[in-house]
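Structure first, commentary second.
Please read these numbers as outputs of a predicted model, since none were measured by experiment. Below, chain A is the first sequence line, B the second, and so on; all start at residue 1.
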Amino acid sequence: MSSNSFAYNEQSGGGEATELGQEATSTISPSGAFGLFSSDMKKNEDLKQMLESNKDSAKLDAMKRIVGMIAKGKNASELFPAVVKNVASKNIEIKKLVYVYLVRYAEEQQDLALLSISTFQRALKVNGRDPNQLIRASALRVLSSIRVPIIVPIMMLAIKEASADLSPYVRKNAAHAIQKLYSLDPEQKEMLIEIIEKLLKDKSTLVAGSVVMAFEEVCPDRIDLIHKNYRKLCNLLVDVEEWGQVVIIHMLTRYARTQFVSPWKEGDGLEDNEKDFYDSDEEQKEKADKRKRPYTMDPDHRLLIRNTKPLLQSRNAAVVMAVAQLYWHIAPKSEAGIISKSLVRLLRSNREVQYIVLQNIATMSIQRKGMFEPYLKSFYVRSTDPTMIKILKLEILTNLANEANISTLLREFQTYVKSQDKQFAAATIQTIGRCATSITEVSDTCLNGLVCLLSNRDEIVVAESVVVIKKLLQMQPIQHGEIIKHMAKLLDSITVPVARASILWLIGENCERVPKIAPDVLRKTAKSFTSEDDLVKLQILNLGAKLYLTNSKQTKLLTQYILNLGKYDQNYDIRDRTRFIRQLIVPNEKSGALSKYAKKIFLAQKPAPLLESPFKDRDHFQLGTLSHTLNTKATGYLELSNWPEVAPDPSVRNVEVIELAKEWTPAGKAKKENPDEKFYSESEEEEDSSESSSDSESASGSESGEDEEEDHSGDSGEDSGESGSESEAGKGRAAKHAKARGKGDSKDVDKEKENSKSSESSSGESSSIEESSSDSESESESESESESRTITKAKEKKTKQDRNPLTKDVSLLDLDDFNPVSSPVVLPTPALSPSLIADLEGLNLSATSSVISVSTPVFVPGKTHVLLHRMSGKGLAAHYFFPRQPCIFGDKMVSVQITLNNTTDQKIENIHVGGKKLPMGMQMHVFNPIESLEPAGSITVSVGIDFCDSTQTASFQLCTKDDCFSVNIQPPVGELLLPVAMSEKDFKKEQGMLSGMNETSTTIIAAPQNFASSVILQKVVNVANVGVVPSGQDNVHRFAAKTVHSGSLMLVTVELKEGSTAQLIINTEKTVIGSVLLRELKPVLSQG
Amino acid sequence: MIHSLFLINCSGDIFLEKHWKSVVSQSVCDYFFEAQEKAADVENVPPVISTPHHYLISIYRDKLFFVSVIQTEVPPLFVIEFLHRVADTFQDYFGECSEAAIKDNVVIVYELLEEMLDNGFPLATESNILKELIKPPTILRSVVNSITGSSNVGDTLPTGQLSNIPWRRAGVKYTNNEAYFDVVEEIDAIIDKSGSTVFAEIQGVIDACIKLSGMPDLSLSFMNPRLLDDVSFHPCIRFKRWESERVLSFIPPDGNFRLISYRVSSQNLVAIPVYVKHSISFKENSSCGRFDITIGPKQNMGKTIEAITVTVHMPKVVLNMNLTPTQGSYTFDPVTKVLTWDVGKITPQKLPSLKGLVNLQSGAPKPEENPSLNIQFKIQQLAISGLKVNRLDMYGEKYKPFKGVKYVTKAGKFQVRT
């Protein structure tokens, strides 16, 4: 490596020298411009001075001027040293402009550019990591944009680090950097693929698009990397930003073509080109066929098709086109029809979009006419359309023409032929010709129409008509003597060479049918031979030859005259042709055997030209691609493979069970795994909706929420004094920070990489998993929408049972146990037996080594609280209960389920939440108004309340159409928590850090039978939503949770002592909540 | 993906270049100029041009060409859509997307381009996010900046960038909370010589201007949502809610944006609000012709039709026109041969007409086709399809917003063949 870089250095040095030389020469040569140049020189001098000044404003001014120069394409490279000095400027705008400059000129001034590298490194280094994610991201961006081969290893390191960053925004930038590094040094491919593999697993919608882009650029053939992420990508797709959607859809199209069997029935391809009256039949047949043949679509294939459908409604034309091509290439033919509507919609857009979309429609309409036929009129041409659009529309109209609509179309074409845009008029004539050949019923009409056009005043129109008529006549062996005569007359007036040539050719070909006219035409053209266009001359020669062979008596002399003229022509083509014809037709002693066959050669039956669309074969390019538009293979075009005969193993897409266990929470995951997809396909759609709704419903969408949360947990871990020192990027702070986060940052970077898979709780590991868990949390959030659906619940249960047969009876038992109180509240998660859960958790923890991650609630008490009594609510009763689910409306919210009952005998209408009286900082996400509630009906709705980690009451008004009732929800302290799964080791570590004033404890006295572990477990989880920490000791029970709002850890320890006492210890930095919880737990535990 | 961008004005000067990967020489634009020359008309420059080493994808907006350089396969619409987004952003920032505006704000333009694209892949294109990163220029701010030395560049990551609602920025605050919706419908039609409709359809958009504090969650419902045949949405709209309930439910971006665009189902007959009587004739072998058009109201639902303009592209042989309008004023540009008649309002008592003589180039053959008439008009307080907003509800915030809906019908591509 080092020798390499040396060599490079030398090279670049040399390059620079020559460059300087060039500059020097250019200075000297234009003496006239000297004055001007010197002023320029001065200007730069003065820029340099400004850059060296102490004032930021002067520097900024200078930088702005320099950027202006770059924008205009002027050379500002000589300022490099002066500019680079400012790379560490505190002023963010100067910094940004320096970045702009650096990226532009670093490639030319590699040595100097190296000076700046350390600045970016500093921002990216783990130890001194800049706390601002924007700065980290932009440092990575600039570092990776500096195309200096020497820094490849540094870039590699930076990318690796950034790909494990907590901020998805930084990870997104890392994905971009992968491509940059790859283009700089393709040798790094293997390592980069590893990073891509890692990033592909990322669940952030922000990252998905960028990493797939990197995948497409670096290793598009490594389709195996996609398997595991396929379902996730399909499910995330709706929420990915629009540009990412385009890239992902294109990639998935390719993927689908390699992994699934064709949904098109066999022989479909052949039928494609047939007339469209088959279409309706075809569809029916297809249905019938489906019943007959055992083709069933892979559920994953279906998933992709279903999840892309909503994107047809995107405002972004590129997304719509991407979905359209996906449907075209992988959906069953009967379903592809839905794309036409959306594509036609795009035609309202600007001309560039129209151009591309029309091209694609043109290709589609050749194969499947039926799709666009209902939109025929949308392709009618307006006189204001640009010519290229007009011609494309015409193309589509031609493709769509059939017996039923041809008369309307021909009427429309008549208008077009008269258009002032002659190029378009000519194209229309060709179109008419094509219609005439494809639809035999109208060919006579078309021909007559074209003949009428022969008397048109415009020459281009006439010429085009002649050419088209020639082709038509050639195709129809029927006699058209009249038309030929008419055309022969035209020869006097028409001057366009192609048309003249066409007429001559026609006459020559049919010379025996017009025996009187042909020789006369030859006579006339012989006279004008010298002044004709080359094209026409050749046809005159041909005509002469043909006549010589059929009617030599009349034309022998004329032909020889023409041959003599041709012999001395200036154009060698014509001289050649003359010589050739003479040898063939004029008998002399030297003429060989060929002349005997002259007649056969010249008057052979010629195959009729085929008039077909220029878009005929474009389908072999994937639609919507650049290659399709250009009709040639563009660099980097990835072929769409044919469907495999037999589908490759579909199980590769299954997400492994081990992985499942690792991410304990997501019920969605488990669901997806279920092979019996069809059964709940509906519910999955539901899930989509809830996913998208939950995303947009709360300001702190899962992404930001998660991030903040991370920050919080980090910051809050620090002592208050330390947080002030955050701005000093000192190592001491970093170390403390690391300690607070429970990270082993002190480790060497490299070592960390090596160890990343080791069982030790290394920093990278713990943080990444923490993240993934909170991601999965958000995924499971989406589930909770369907909470009120028993089916879902049952399903979940089923899947869990599937996973572990042990669960079965236990869970059933449990269900009986806590039969919900009167109201039909449906519990979202199956209540597993606590001990079992502990077992399971123990299991998976041992598998995954360490970690703190949110887990499912161990137990959900069925206890409901009265929100509104039916007496005070005029017949409207409301109960609430805490489902202990992560809230779908926001990460910091506690989800509360409210069940409304109508106990009156009338409908209660418009139930909604009215005014809210919330203490400072508290937030509440209300349910959507309920239009009406039938008598004796009940309905369950979810709301989210951010209690800010306090037990303050949330008061609000529950309103119906006529009344308003004030109601309150006061949360038990135990519901302000979310269970956390962690190992005993982690627990102890965390506990160690939360000692002193963060610890509260009390002693409990109770009967020994109350200290049975199952009893304690039951009691604790009943009071508080905590997770069980597997314990090595029998006498110590540990529980862990975090607060919903701030994510602070809440560690509960019950230590059994001698006799009938026990020590209850709670460690948390939220001391108030801690003590309240202690107070609540104490009586519960001491009770018999 | 996108390698470089060149901005070219009408006279063919490259006045801005930006490279996201290594530098591509300006000379690549020569291929573009070549194609432009061949096309004769700016409208006809092909959007995709292939050159030996690169591909050029260009758009034409506001008298400017945005030419992007591509090196490898990429969906062309991806680039086109992005370039339009760039132009929209300039429009948004500087009030106009013109050469002068771009040159005046070259630094901001550069900062924007830097943020919008990373290594050729779009990074931040939502105007709400960009505005947090780079503040739009105002006179006040530039004065303040020059005194205090503060900058236009934000130094924290916009919250929107990380959230699932990237279109909205956090901490929006207004003293007057308002939400306005404009339902704008356009009639696209082709009317043939005899006055019968060849083709007509209604395309509509709902543009919103939302100035609401905090994180409002809006839902907009229609009286007759079935009218909407095909709809495209702003990303903020919850698709499933629309699918199931036909309600537009969304957390809006801050400021102006297009909420949906739609097409009214083609089964409905489209009411054509105006008719045109025309007689245009050119005499054979003489240097003049007659021109006579009259406009009258047809199914106008009792509303006044305003702002009528008639534009006619006359044939090339027309030298000049001597016309008298009964109402409004007309202009004829002898160079482009475009006749524009600014009519104004229609009063049914006295229908506006434009009559007179056409001077033709002597000796030239008479034009065989009469020019078609392009008509523009506007009808206030009417959505021609009959679409009506039922109600707008807001959740998530406590204040009472001021709400307003306005309906306008306009002519879209409305053409009368003569």
Basic-acidic side-chain contact under 4.0 Å: [X], [Y]:
X        : Y        : answer
A:Lys64  : B:Glu111 : no
B:Arg61  : A:Glu352 : no
B:Asp230 : A:Arg345 : yes
B:Asp192 : A:Arg411 : no

Side chain, backbone, both or neither of [X] within contact of chain A (heavy atoms, under 4.5 Å):
X        : result
B:Val42  : backbone
B:Glu397 : neither
B:Lys413 : both
B:Glu17  : both
B:Lys21  : both

- Query: Where is the tightest heavy-atom contact between A:Glu241 and B:Pro122, given as atom of each residue plus distance?
  - Reply: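 Where A:Glu241 meets B:Pro122 most closely, the heavy atoms are OE1-O, 4.4 Å.
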Would you say [X] and [Y] make side-chain contact, with heavy atoms under 4.5 Å?
X        : Y        : answer
B:Pro76  : A:Tyr355 : no
B:Asn119 : A:Ser145 : no
A:Ser210 : B:Phe121 : yes
B:Asp118 : A:Lys172 : no
A:Lys96  : B:Glu114 : no
A:Ile70  : B:Lys18  : no
B:Ser50  : A:Leu630 : yes
A:Thr387 : B:Glu43  : no

Treating [X] as the side-chain partner and [Y] as the backbone partner, does any N or O pair qualify as donor plus acceptor under 3.5 Å?
X        : Y        : value
B:Asn44  : A:Met388 : yes
A:Lys72  : B:Phe15  : no
A:Glu107 : B:Ser22  : no
B:Gln415 : A:Ser383 : yes
B:Glu81  : A:Ala317 : yes
A:Arg315 : B:Ile260 : no

Chain A: which of [options] shares the most heavy-atom pairs with it under 4.5 Å?
options                               : value
B:Leu113, B:Thr72, B:Ile59, B:Ile14   : B:Ile59
B:Arg85, B:His19, B:Met1              : B:Arg85
B:Tyr60, B:Tyr262, B:Phe250, B:Trp242 : B:Tyr60
B:His234, B:Gln26, B:Lys398           : B:His234
B:Val106, B:Asp188, B:Ile57, B:Asp41  : B:Asp188
B:Asp393, B:Asn374, B:Thr125          : B:Thr125

Return the [atom1] to [atom2] distance between [X] and [Y], rounded to the nearest 0.5 Å.
X        : Y        : atom1 : atom2 : value
B:Tyr110 : A:Leu97  : OH    : CG    : 11.0 Å
A:Ser627 : B:Tyr55  : OG    : OH    : 7.0 Å
A:Leu626 : B:Glu73  : CG    : CD    : 5.0 Å
A:Thr415 : B:Lys193 : OG1   : NZ    : 8.0 Å
A:His176 : B:Leu123 : NE2   : CG    : 6.0 Å
A:Gln313 : B:Ile237 : CD    : CD1   : 10.5 Å

Can you tell me which portion of [X] sits under 4.5 Å from chain B's heavy atoms? Options are side chain, backbone, both or neither.
X        : result
A:Glu242 : side chain
A:Arg141 : side chain
A:Ser183 : neither
A:Arg351 : side chain
A:Thr384 : both
A:Val246 : side chain
A:Thr632 : neither
A:Val381 : backbone
A:Val417 : neither
A:Gln354 : side chain
A:Thr625 : both
A:Gln622 : neither
A:Asp61  : neither
A:Lys633 : backbone

Heavy-atom pairs under 4.5 Å with chain B - which of [options] has more of them than the others?
options                                : answer
A:Ala322, A:Ser419, A:Gly68            : A:Ser419
A:Lys418, A:Gln420, A:Arg382           : A:Arg382
A:Arg348, A:Glu412, A:Met213, A:His250 : A:Arg348

- Query: Do B:Phe78 and A:Trp243 have ring centres separated by under 6.0 Å?
  - Reply: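 For B:Phe78 and A:Trp243, the ring centres are under 6.0 Å apart.
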- Message: Run the side chain to side chain donor-acceptor pair (under 3.5 Å) test on A:Thr635 and B:Gln71 for me, step by step, so that the C-alpha distance in whole Å, both residues' side-chain angles and the decisive distance to 0.1 Å come before the verdict.
- Response: CA-CA 7 Å; A:Thr635 350; B:Gln71 245 176 352; over 6 Å; no
